[in-house]
Peer 1: 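The structure under discussion is supplied below as structure tokens; questions concerning it will follow.
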Amino acid sequence: MSRKTTMLSCVTGFALTIVFAVFIVTDPIVSAQPDDDGLGPFLGTWSGIFTTQDNEFWGVEDMVCFAGCSPEAHSHMRSLLDDPANDDRPVNALLGESWGFEAEHIVPILTGEGRLIQQENGPDNDPKLHCQPYGYVREVTNPLPINIRRDGMHLIFEYEEWSLLRTVYMDGRAHPQHQTPSLLGHSVGRIEDGTLIIETARVTPDRYSDFTEGGHSDELTGIERYTVLDNPRRLELKLTLTDPVTLTRPYTLEKVWLATPEVKLVKDRCGAIPGKF
Amino acid sequence: MQIEMSKFGLILSCLFLTGAVEAHHSAALLYDLSKEAEVRGVATSYELGNPHLRIYFDVDNNGRTEKWMAEGGSRTVLIRKGWDGTEIKPGDVITIRGNPSRDGSNIIHVLYLTLPDGRKLFTEDLDPNQLERRRRQRD
């Protein structure tokens, strides 16, 4: 090979390298940096009080919200603990009272249909006893660890509870006009001022919580607002639920998880229920 | 079925709770969390499954066999504590201590399980003693 040919090859190779580099930098898919979209702080494994009981962050009143609760129920438990008249009552009796408060607290905001559903629901006819996983509200506020990770530009929520996966679409799409309702519904998300906001619709009817035994329709919509705070690093959720069939006004639940990078999700499995139980 | 305490050929005592914790859902709906009871019987089946651990067992009530179910903590929480689903075998004589049902039916919210070899296992999600300690720290 002549010196001229060698020089030409080098120049051509250099030019192609430059062109390729420019392509990488300008291609939005290839060049996207992991934290450019604001999702970085939300990624990882987060665990509630069941898995992190030793952490001094938790107060006794937080136990009320182990599976999510209204802010009012949390305050109610705090007021019981503050009342000297309750000093000799066991914590569990106070917790039971606060969960009772939660069940009563939702009643005034239920529609007539909502009250009928609540009356018909009971521990014995809970779908979970027949290996049917939780619906949207109970899954989002469940007490077991969750892992949040990227799936391209979207998010995957992996719940240890029932080992369910949930995709949250982050590309700006809207809910589809027509979609068969599903257990966890259709979720779209965005970042606003450091808050991860997820809107969900198209869910199948299920229960709001174990505490209330209230149930919602397939017209339920949920708005989750997640923020990440420090000392200790934690994920806080405010979930606002709207359902014209069962609620006269929005119903709000809250929940907190601690950052637990050391926690590995455990495979969940349903327990069969033999006999009348 | 109502519990006939005087006829029970087993231990059954209601005590003020010394500290207990919550199952995966609200145990307060089904169980009287302000009381404790103790029941002994023979295990017939056992499930370390979601949503909760369940133990099915037969209780001899003066020669009449009664079917009981004990419900405990969350599957994956107990797995993290070392449970593997082989803790109980059919035929094991076990003692269950926990919260009795509100309506007198033969179900119990199990807090402690005593195995045939004498081992006593805590069967719930949270340590009740730690909750009480934190409560006192709060004062």
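What you see is a predicted model; the values in this text were computed from it and never measured. Letters go in sequence order (proteins before strands), and every chain restarts at 1.
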Peer 1: If you round to the nearest 0.5 Å, how far is CZ of A:Phe66 from CG of B:Asp125?
Peer 2: 7.5 Å
Peer 1: Tell me, for A:Leu265 versus chain B, whether the close heavy atoms (under 4.5 Å) come from the side chain, the backbone, both or neither.
Peer 2: backbone
Peer 1: At a 4.5 Å cut-off on heavy atoms, which part of A:Pro84 comes close to chain B: side chain, backbone, both, or neither?
Peer 2: neither
Peer 1: Is it the side chain or the backbone of A:Glu61 that comes within 4.5 Å of chain B heavy atoms, both, or neither?
Peer 2: side chain
Peer 1: Is there a donor-acceptor pair under 3.5 Å between the side chain of B:Glu132 and the backbone N or O of A:Val91?
Peer 2: yes
Peer 1: Listed by chain and number, what are the ring-ring contact (aromatic ring centres under 6.0 Å, His included) partners of A:His105, not counting sequence neighbours?
Peer 2: A:Phe101
Peer 1: Evaluate the criterion side-chain contact (heavy atoms from CB on, under 4.5 Å) for residue pair A:Lys267 and B:Ile79; output intermediate values, then yes/no.
Peer 2: CA-CA 10 Å; A:Lys267 180 70 176 173; B:Ile79 285 176; over 6 Å; no
Peer 1: Quick check for you: to the nearest 0.5 Å, what is the distance between A:Leu144 atom CG and B:Arg75 atom CZ?
Peer 2: 11.0 Å
Peer 1: Could I get the full list of ring-ring contact (aromatic ring centres under 6.0 Å, His included) partners for A:Phe157, not counting sequence neighbours?
Peer 2: A:Tyr226
Peer 1: Within the side chain of A:Gln53, is there an N or O that forms a donor-acceptor pair under 3.5 Å with the backbone of B:Asp127?
Peer 2: yes
Peer 1: Using side-chain heavy atoms (C-beta onward) and a distance below 4.5 Å, is B:Arg134 in contact with A:Met63?
Peer 2: no
Peer 1: To the closest 0.5 Å, what do you measure between CG (B:Leu30) and CG (A:Asp210)?
Peer 2: 10.0 Å
Peer 1: Starting at CZ of A:Phe50, measure out to CG of B:Leu78 and round the result to the nearest 0.5 Å.
Peer 2: 10.0 Å
Peer 1: Checking A:Glu161 against B:Thr76 for the side-chain contact (heavy atoms from CB on, under 4.5 Å) test, could you report, in this order, the C-alpha distance in whole Å, the side-chain angles of both residues, the deciding distance, and whether it holds?
Peer 2: CA-CA 8 Å; A:Glu161 182 87 66; B:Thr76 63; over 6 Å; no
Peer 1: Roughly how far apart are B:Leu111 CG and A:Asn92 CG, rounded to 0.5 Å?
Peer 2: 8.0 Å
Peer 1: Strictly below 4.0 Å, N to O, side chains only: are A:Arg269 and B:Glu47 in salt-bridge contact?
Peer 2: yes
Peer 1: Kindly indicate whether the side chain of A:Glu160, heavy atoms from C-beta on, has any atom under 4.5 Å from the side chain of B:Ser74.
Peer 2: no
